[in-house]
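Working notes for the structure below.
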Amino acid sequence: MSVTSPVETPATPAEVAVPAAVTLPAPTSLPRRVLKHPRLMHHHRLVALVLAANLALLGHALSQGRWWSTDHTSLTAISDAVLANFALAILIRQQYVINLLFWLATRAPTRWPLRIRWTLAKVYHFGGLHVGGALAGTLWFLVLVGSATVAAHRGEPVPVDLLVVSYLLLALLGVIVTTARPTYRARHHDRFERVHRFGGWAALVLFWTQTVLFVRADHDRNLLAAPQIWVLALLTVSVALPWLRLRRVPVEVIRPSRHVALARFDHGATPFAGSSTAISRRPLWEWHSFANVPTPGQTGFRLTISRAGDWTGSFIDDAPSHVWVKGITTAGVANIETLFTKVVYVATGSGIGPVLPHLLARKVPARLVWATRSPRTTYGNALVDEILADQPDAIVWDTAEHGKPDMVQLAYAAYEAFRAEAVICISNKKLTWQVVHGLERRGIPAYGAIWDS
């Protein structure tokens, strides 16, 4: 039915289509509901898969009588396991690799069975490989240091400087892993980011030092002939690539309210819809990523920055004339939209920022559900008019006037009315998981960020 839009217009009220109340479908069978629980999401499954693969490798090696001794050959085998896992952890976070994963996953045509496309669209859970590789690599490194210590105690030729570097690296890895725990990361994200950045760089230097010392301990080997050296070289290039694109660029900031800043960039780069850009005022200290909003037919792009902490608050209150940008334009969650014939976008507040470029690009028929407080007052008439011009049937819910809605029911109502195949939710962590889990346990493909970085 059609009712007066919760969006307050400066003149006559706009009319938007709001579906009548609907009854949510019953949950699916217990086994399917269990598999859709957030604790068993694909991110966690990938972590378990990597750890299981390493356990299988350990079991096979032990069954063959390997890695029981502390000779150089056994230490080399353990060192290779360390390097392989850390290579996985680092490369899977590389922007080119991420874009490749999204490109491969979204090659599936929409005529494929929905169940297959449903799973392929979980590609953004790739961070589970990062976590699994980092955990397994750290555990293998603990085994390596212990084995090298035992070997030195037995009088085997283990260089003292190799042991010193190994212990320093083990302590550093312990700090990095400890501060990367989800609870710590959520409470102290800035500190986690700095430890990860500077600790990661220091760890890479120590890995280089340890590897050179380890290879030189084997007098029959040439440094350039050692595969470990080339793997480390690849990882170093991977880490350095985003920083090679570091530059300071001008930005135009419009503040429609104290809550939001619309940052406009036009420095020769027009990113693809659904990508993100990292910006900073102090490039060595902290970075913040925002969804790019390119406008079809125009150069440059916009970022929607809402007040969500000290950094964003400072950006809004004291708008800069220039900021630093780095890295490679990277695909985001909603790029999985092309796997479906129709999608419903659910956004709350500034979640409209990541959604807007997909609506404007019109790659897939979409319907918008947006719940926010006083949209025109907060985001300005120009942005709201742009949204409604593209989405005349959007459900725009003003929480200041109507209170907070049941987003699961609102999403399902739009899903049914639009006959969509999937729902993509861009919101805060609690509501995103509420919508995604609330729909998936009822047999409806739903997607949203998982806050794994």
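In this chain, numbering begins with 1 at the start of the sequence shown. Computed from a predicted model, the values in this text were never measured in an experiment.
- Two residues are said to be in side-chain contact when any heavy atoms from C-beta on lie closer than 4.5 Å; L46 and H130 fail this criterion.
- Heavy-atom minimum distance, G443 versus T28: N-CG2, 3.6 Å.
- No side-chain donor-acceptor contact under 3.5 Å links R255 to the backbone of A261.
- Remark: R373 CZ is loosely packed, at most 12 non-hydrogen atoms of other residues, nucleotides or ligands lying under 6.0 Å away.
- Separation of the F340 and Y447 ring centroids falls under the 6.0 Å cut-off.
- Within the 3.5 Å criterion, the main-chain N or O of T178 finds a donor-acceptor partner in the side chain of R181.
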Could you go through the side chain to side chain contact (heavy atoms under 4.5 Å, CB included) check for L241 and L244 one step at a time?
-> CA-CA 5 Å; L241 268 178; L244 295 177; 4.3 Å; yes
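- Across all non-hydrogen atoms, the minimal contact from I92 to I98 is O-CG1, 3.6 Å.
- For the pair H437 (side chain) and K36 (backbone), a donor-acceptor distance under 3.5 Å is present.
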Go through the steps to decide whether T149 and Y167 satisfy the test side-chain hydrogen bond (donor to acceptor under 3.5 Å, both in side chains), and finish with yes or no.
-> CA-CA 10 Å; T149 302; Y167 274 104; 2.6 Å; yes
Apply side chain to side chain contact (heavy atoms under 4.5 Å, CB included) to the pair W285 and E193, showing each step before the final yes or no.
-> CA-CA 9 Å; W285 203 239; E193 181 185 336; over 6 Å; no
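- For F141 and F86, the ring centers sit 6.0 Å or farther from each other.
- Here the shortest heavy-atom pairing between V34 and L40 reads O-CD1, 3.2 Å.
- Between the side chain of R32 and the main chain of P27, no donor-acceptor pair closer than 3.5 Å is present.
- Within a 6.0 Å sphere centred on CH2 of W230, other residues, nucleotides and ligands contribute 12 heavy atoms or fewer.
- Looking at every heavy atom in both residues, G448 comes nearest to T432 through CA-CG2, 3.7 Å.
- Under a 3.5 Å cut-off, the side chain of R302 and the backbone N or O of T295 do not form any donor-acceptor pair.
- Contact check for L58 versus W140: side-chain heavy atoms found under the 4.5 Å cut-off.
- Under the 4.5 Å side-chain criterion, counting only non-hydrogen atoms from C-beta, W118 is in contact with E440.
- Looking only at side-chain heavy atoms (C-beta outward), V195 and H188 stay at 4.5 Å or farther from each other.
- Within the 3.5 Å criterion, the main-chain N or O of E252 finds no donor-acceptor partner in the side chain of R264.
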Decide side chain to side chain contact (heavy atoms under 4.5 Å, CB included) for L204 and L232; before the verdict, give the C-alpha distance in whole Å, the side-chain angles of both, and the deciding distance to 0.1 Å.
-> CA-CA 8 Å; L204 190 59; L232 276 175; 4.2 Å; yes
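- Panel note: side chain N335, backbone G332; a donor-acceptor pair is recorded below 3.5 Å.
- How far OH of Y345 is from CH2 of W370: 16.0 Å, rounded to the nearest 0.5 Å.
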Go through the steps for W208 and T236 under the test side-chain hydrogen bond (donor to acceptor under 3.5 Å, both in side chains), then give the verdict.
-> CA-CA 10 Å; W208 269 106; T236 303; 2.9 Å; yes
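- Residues T341 and E421 bring a donor and an acceptor atom of their side chains to less than 3.5 Å of each other.
- Listed for the S79 side chain is no donor-acceptor partner under 3.5 Å among the backbone atoms of L75.
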Could you please spell out the steps behind the side-chain hydrogen bond (donor to acceptor under 3.5 Å, both in side chains) verdict for T329 and S275?
-> CA-CA 6 Å; T329 302; S275 60; 5.0 Å; no
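- The main-chain N or O of D310 is never found under 3.5 Å from a side-chain atom of S314 such that the two would form a donor-acceptor pair.
- Proximity of V260 to I316: side-chain heavy atoms (C-beta onward) are nowhere separated by under 4.5 Å.
- Distance alone, capped at 3.5 Å, places no donor-acceptor pair between the Q210 side chain and the S166 backbone.
- Contact check for V323 versus F315: side-chain heavy atoms found under the 4.5 Å cut-off.
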Show the numbers, then the answer: is there a side chain to side chain contact (heavy atoms under 4.5 Å, CB included) between L431 and C425?
-> CA-CA 9 Å; L431 196 142; C425 181; 4.2 Å; yes
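- Taking both residues in full, the closest heavy atoms of W324 and R281 are given as CD1-O, 3.7 Å, listed atom of the first, atom of the second, then distance.
- Using a 4.5 Å heavy-atom threshold, the side chains of L410 and P405 count as touching.
- Across all their heavy atoms, V293 and G353 have their closest contact at CG2-O, 3.4 Å.
- Classification of the H196-F192 ring pair by plane angle, with boundaries at 30° and 60°, yields tilted.
- Among N292, I279, T270, the one residue that satisfies the side chain to side chain contact (heavy atoms under 4.5 Å, CB included) test with F265 is I279.
- Heavy atoms from other residues, nucleotides or ligands lying under 6.0 Å from NZ of K429 number more than 12.
- Looking only at side-chain heavy atoms (C-beta outward), L383 and P256 stay at 4.5 Å or farther from each other.
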